[in-house]
Amino acid sequence: MFTLTEDLTKRFLTDAGLPVPKGNAFDNGSAAASFAKGLDGGAVVKALVPAGRRGKADAVKLVDDSAAAEAVTEGMIGSDVHGFSVARVYVEEKVTIAEEFYLSFSLDGYPGQVLVSSQGGVDIEETHRNNPDSVIRADIDPLTGITETVARDLWVQAGLKGDALAATASVTAVLYDAFVTADAVMMEINPLVLDAAGKPSIVGAM
């Protein structure tokens, strides 16, 4: 078993038809800058290591232009993040975030578990610790899995409603299908976001 870096996970999810921001991996600042120059509204530069909590480790940076993307990339490459040496970065388009959620599937025990929360983002560990009721945990039925109906029920418990509920439940069901197709034991989406128009986007994926 091995952990995929974000570029590989997002490539797989993109191929599955899921809403993933445009992005690519680079091992030098010049190439990262060239890619960032073609993105509207700046970019996000992330250290590519097989570990979570990169935001807390200052390994996720928002940049406004290609020059900043180059400088941040050069600063990240060769650094250490959670015990991993950074050889590449992932540069992707910025997404305007109206709401951010947390979603994960895990099959490291029986039955599998699904977790959802309407309070996603870099502070999810603190959210889980300080407000455990905000994180909805449920067993995954090995026969039915996570259908859109099951996903809707979970997100209702998390406090979603209306268009946000419909969009999030739909993408959750497709993500679960991708999780099964990959024969994965763990998938974490943090954050799963909705933009101002209510469009979902998978901003963080491991």
Side-chain angles (χ1 to χ4, degrees), residues 6 9-23 39-44 46 52-56 60 62 92-107 111-182 184 186-206:
E6 187 167 2
T9 301
K10 284 189 168 177
R11 186 185 308 162
F12 171 75
L13 295 178
T14 298
D15 291 344
L18 283 148
V20 176
K22 181 181 179 182
L39 302 176
D40 294 330
V44 184
K46 306 177 181 181
R53 305 185 309 281
R54 287 171 297 163
K56 285 289 188 179
V60 176
L62 302 178
E92 70 178 2
E93 63 182 328
K94 284 184 183 177
V95 174
T96 302
I97 298 175
E99 299 181 83
E100 56 181 4
F101 311 131
Y102 175 88
L103 167 67
S104 71
F105 308 114
S106 174
L107 293 179
Q113 297 278 302
V114 53
L115 274 70
V116 306
S117 177
S118 60
Q119 300 178 39
V122 296
D123 293 321
I124 185 62
E125 288 86 2
E126 286 79 3
T127 298
H128 199 170
R129 181 170 55 252
N130 299 327
N131 186 15
D133 290 343
S134 68
V135 180
I136 308 304
R137 180 191 299 268
D139 293 341
I140 298 175
D141 187 311
L143 296 180
T144 60
I146 304 296
T147 64
E148 190 167 340
T149 299
V150 171
R152 179 182 292 268
D153 289 343
L154 291 168
W155 286 111
V156 165
Q157 294 178 59
L160 272 62
K161 57 185 178 180
D163 292 342
L165 172 61
T168 307
S170 177
V171 76
T172 297
V174 180
L175 275 164
Y176 179 74
D177 288 343
F179 172 70
V180 173
T181 298
M186 176 72 181
M187 178 186 285
E188 182 178 61
I189 309 298
N190 185 37
L192 169 61
V193 312
L194 297 181
D195 65 15
K199 179 182 176 182
S201 186
I202 299 166
V203 169
M206 291 291 290

* To do: Say whether, by atom type as modelled, one donor and one acceptor occur between the side chain of S117 and the main chain of S134 under 3.5 angstrom.
  => yes
* In chain order, what residues pass the side chain to side chain contact (heavy atoms under 4.5 Å, CB included) check against K94, with sequence neighbours excluded? -> V44, L62, D64
* Asked: Do the side chains of E100 and V203 get nearer than 4.5 Å, heavy atoms only?
  -> no
* So how far is it from L194 CG to K199 NZ, rounded to the nearest 0.5 Å? -> 11.5 Å
* To do: Could you check if a side-chain atom of V193 sits within less than 4.5 angstrom of a side-chain atom of T96, using non-hydrogen atoms only?
  => no
* E93 side chain vs K22 backbone, donor-acceptor pair below 3.5 Å -> yes
* **Heavy-atom pair with the smallest gap, counting every atom of P19 and P200** => CB-O, 3.4 Å
* Structure fact -> Rounded to the nearest 0.5 Å, the CD atom of Q157 sits from the CZ atom of R137 at a distance of 13.0 Å
* To do: Supply the atom-to-atom distance Y102 OH to N190 CG, rounded to the nearest 0.5 angstrom.
  => 6.5 Å
* Nearest non-hydrogen partners of A184 and L107, listed with the distance -> O-CD1, 3.8 Å
* Asked: Should V171 and I189 count as side-chain neighbours, where that means a heavy-atom distance under 4.5 Å?
  -> no
* Output yes when a side-chain donor or acceptor of S118 lies under 3.5 Å from a complementary backbone atom of A158, and no otherwise. => yes
* What residue among D15, T14, L13, T9 forms side chain to side chain contact (heavy atoms under 4.5 Å, CB included) with R11? -> D15
* Of D139, L154, I136, V150, which meets side chain to side chain contact (heavy atoms under 4.5 Å, CB included) against V114? -> L154
* Excluding sequence neighbours, so at least two apart, what forms salt bridge (charged side-chain N to carboxylate O under 4.0 Å, His left out) with E92? -> K10, K46
* Drop me the distance from T172's OG1 to W155's CH2, to the nearest 0.5 angstrom. => 5.5 Å
* Structure fact -> Applying ring-ring contact (aromatic ring centres under 6.0 Å, His included) to F105 and not counting sequence neighbours gives Y176, F179
* Give, for atom CG of L175 and atom CG of L192, the distance between the pair rounded to the nearest 0.5 Å. => 7.0 Å
* Is S170 reaching over with its side chain to a backbone N or O of A166, donor-acceptor style, under 3.5 angstrom? -> no
